Amino acid sequence: MTAVNPASVAGRLLSSCSPIIVANRAPLTLEEADPILGTPERLVKGSGGLVSAMSTLAQATKAIWVAAARDGADEALAARADENGHVALEDSGASYAISFVHPSKEAYHLYYNRISNPLLWFIHHYLWDLSREPVIDSRTEHAWRAGYVEVNRLFAQRVVEEARAAARPPLIFFQDYQLYLAPEMVRRELPSASLSHFIHVPWPNPAYWRILRSEVREAILTGLLANDVVGFHTHQDVRNFLVTCEDLLHTGVDFGQAMVYFAGRKVHVHAYPLGIDVAEMRAMAKAEKTQEWFDRFAQSRCEQIILRVDRTDLSKNIVRGFLAYERMLEAHYELHGKVQFIAYLQETRQNIDDYRSYLGSVLSAVARINRRFSSGGWMPIHLEIESNIHKAVSLYRQYDVLLVNPIYDGMNLVAKEGPVCNERDGVLVLSENAGAHEELGEFALTVNPFDVDQTAEALYLALAMEPAEKAARADRLRDVVERNDVSDWISAQLSDLAMLATPLHLWR
Ligand code: G6P
């Protein structure tokens, strides 16, 4: 675990406040014991960059983490709450607590499967084919009111309860696109609380927000502007957010200071590029279980490996990655039998039609390409769909090329985790639309994620790159990732809050 220096501004703020993290997903989920496999019950880390980032904060600060009980597994964990409604957790040797909110099944379904993911996530990542979709109608309106507004209300209510019960002034950290309305609801009850909201996804330009009805997009913006600080991964997102506030809310915006004036308050908008916990990642790379997977793969590996590690999300652009690889194989017969594309994927959001059909497209692309090129025991693509962090890290250690080609992505931590674990001076092929590109682009091979010919060429250049150039690039990638660790991300946000938010003596 990476700690925040207690003597720093950030550390002093933390020791005088009670941090409350508010995110849809709890950091850990309960995996039941399996009597057939003989595996014991265990707590596993949830997926996505948000969980890894905020777990570090929770571990460092003993925060309360407010999350939704999303399913039976979360309910089983929630049943262990003490009389204050807190489930105590041990995570990486540190303790903190989860405070679950309990939306009805129907409300959660509308909030998660109708609004947050198929609508807001699609807007954030420019995923709509606008000539056909989305169709906004009374069902959208119902899902918004009975799902999104309702679940945000439940979150806000719980946050207010936790803040009022806290021993010290609360520092409230809202996370992501599922909770845009909660800050305004909390602000109404706790006018002098310190609120920040970090958005882990890209912020699109204002024209794309016009997909939503004006009341809905305005509610999103006014909800967010109830915070003291709104954080993004990149400067591009900050710019897009400021323009959106100006265009859609007609409110005062200071582009130089990155500030929005709204309802008599100043809201600071800032880029905090998320880093990884480098020490934890390195420890994971050395772990015994990782080594076991490493040895297994090492025995059967091809001469060169192209790797991708992703959730099966439409924004990750998995199918175009395979198409690019197919074109590379068409052009370079000499690589047949010598290279293998390993796609280590994690199933995601399978209650949503578009996600299920996207997974279908991924599977059929793999089957088709394997049918087309397999020969003499060589299979061009090796696909695994599961979630095992040790296995993923063992693959990070041995790739020659890491393909990270999202259509759009907030940050993309795979692009940072891979280079710090890799032992072969592997080359990063990186989409210009991944947030990570702002920091890592110079030392990666940049691709336009839509251009499969260019991506094919980049894959080939990466495989053929001279060892000295590979080593120099890998060195610089590691260096950039090391210099902006997750603890820097946390400290930067805390320092800003310490300067900007309500002075502590005015609290209550
Ligand atoms: C992304 C989002 C997170 C989300 C994660 C996993 O990283 O920014 O908010 O938690 O994906 O998605 P899920 O829907 O499974 O929580």
Side-chain angles (χ1 to χ4, degrees), residues 21-29 31 44-58 65-71 73-74 98 100-101 103 108-127 147-148 151-152 155 173-180 182 197-204 220 224 230-234 237 272-276 309-318 345-356 358-359 385-387 389 392 404 406-417 434-436 486 489:
I21 295 168
V22 196
N24 175 55
R25 196 182 239 291
L28 299 170
T29 48
E31 215 175 72
V44 290
K45 227 0 150 264
S47 66
L50 183 160
V51 160
S52 30
M54 297 317 285
S55 299
T56 307
L57 179 66
W65 185 308
V66 178
R70 300 163 305 140
D71 52 22
D74 282 354
I98 307 182
F100 279 107
V101 297
Y108 189 80
H109 167 71
L110 296 172
Y111 150 89
Y112 185 83
N113 293 323
R114 293 277 180 266
I115 301 292
S116 297
N117 292 312
L119 187 58
L120 297 183
W121 178 273
F122 272 48
I123 288 179
H124 277 291
H125 296 85
Y126 298 94
L127 292 177
Y148 196 82
V151 176
N152 270 260
F155 266 95
F173 297 93
F174 292 100
Q175 303 300 306
D176 240 351
Y177 59 97
Q178 302 92 342
L179 298 172
Y180 284 149
H197 204 128
F198 192 86
I199 296 167
H200 295 256
V201 288
W203 190 272
I220 287 174
L224 269 171
V230 178
F232 293 95
H233 287 301
T234 70
D237 296 323
Y272 305 98
L274 174 61
I276 60 165
V309 177
D310 277 308
R311 289 185 302 109
T312 53
D313 197 288
L314 289 79
S315 64
K316 303 293 180 184
N317 206 21
I318 299 166
L345 306 178
Q346 192 181 355
E347 218 174 72
T348 193
R349 303 178 188 165
Q350 291 300 297
N351 286 331
I352 300 169
D353 294 347
D354 282 327
Y355 279 82
R356 275 200 308 280
Y358 188 67
L359 179 53
I385 300 190
E386 63 163 17
S387 172
I389 180 74
V404 179
I407 291 174
Y408 288 96
D409 211 338
M411 172 51 72
N412 197 300
L413 293 184
V414 170
K416 295 189 166 185
E417 292 168 353
V486 67
W489 181 76

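Everything quoted here is computed from the prediction, not taken from an experiment. All residue numbers refer to positions in the sequence shown, counting from 1. Counting starts at 1 for both ligands and their atoms, following the listed order.
Residue contacts with ligand 1 for Phe198 are absent, since no atom lies close enough (heavy atoms, distance under 4.0 Å). At a 4.0 Å heavy-atom cut-off, ligand 1 touches Gln178 through the side chain alone.
A side-chain donor from one of Tyr177 and Asn117 sits under 3.5 Å from a side-chain acceptor of the other.
In this pair, His233 and Phe198 present their aromatic rings perpendicular. The plane angle is above 60°, beyond the 30 to 60° band. Using a 30° and 60° split on the angle between ring planes, His197 and Tyr180 fall in the tilted class, from 30° to 60°.
One N or O on the side chain of Arg356 and one on the backbone of Gln350 form a donor-acceptor pair closer than 3.5 Å. In this structure, the side chain of Asn152 engages the main chain of Ala182 through a donor-acceptor pair within 3.5 Å.
Checked by distance only, ligand 1 and Tyr112 come closer than 3.5 Å through their nitrogen or oxygen atoms. An N or O contact shorter than 3.5 Å is missing between Tyr177 and ligand 1 by distance.
The shortest contact between atom 10 (O) of ligand 1 and any protein heavy atom is with Arg25 CD, 3.8 Å. The nearest heavy-atom contact from the protein to atom 8 (O) of ligand 1 is Asp176 OD2, 2.6 Å. Of all protein heavy atoms, the one closest to atom 6 (C) of ligand 1 is Ser47 O, 3.6 Å. The shortest contact between atom 12 (O) of ligand 1 and any protein heavy atom is with Arg349 NH2, 2.9 Å.
A salt bridge between Asp409 and Lys316 is present, with a side-chain N of the basic residue lying under 4.0 Å from a carboxylate O of the acidic one.
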Would Arg349 and Arg311 satisfy side chain to side chain contact (heavy atoms under 4.5 Å, CB included), going step by step from the backbone distance to the final call?
CA-CA 9 Å; Arg349 303 178 188 165; Arg311 289 185 302 109; 3.7 Å; yes
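Taking every heavy atom of His200 and a limit of under 4.0 angstrom, the matching atoms of ligand 1 come to 8 (O).
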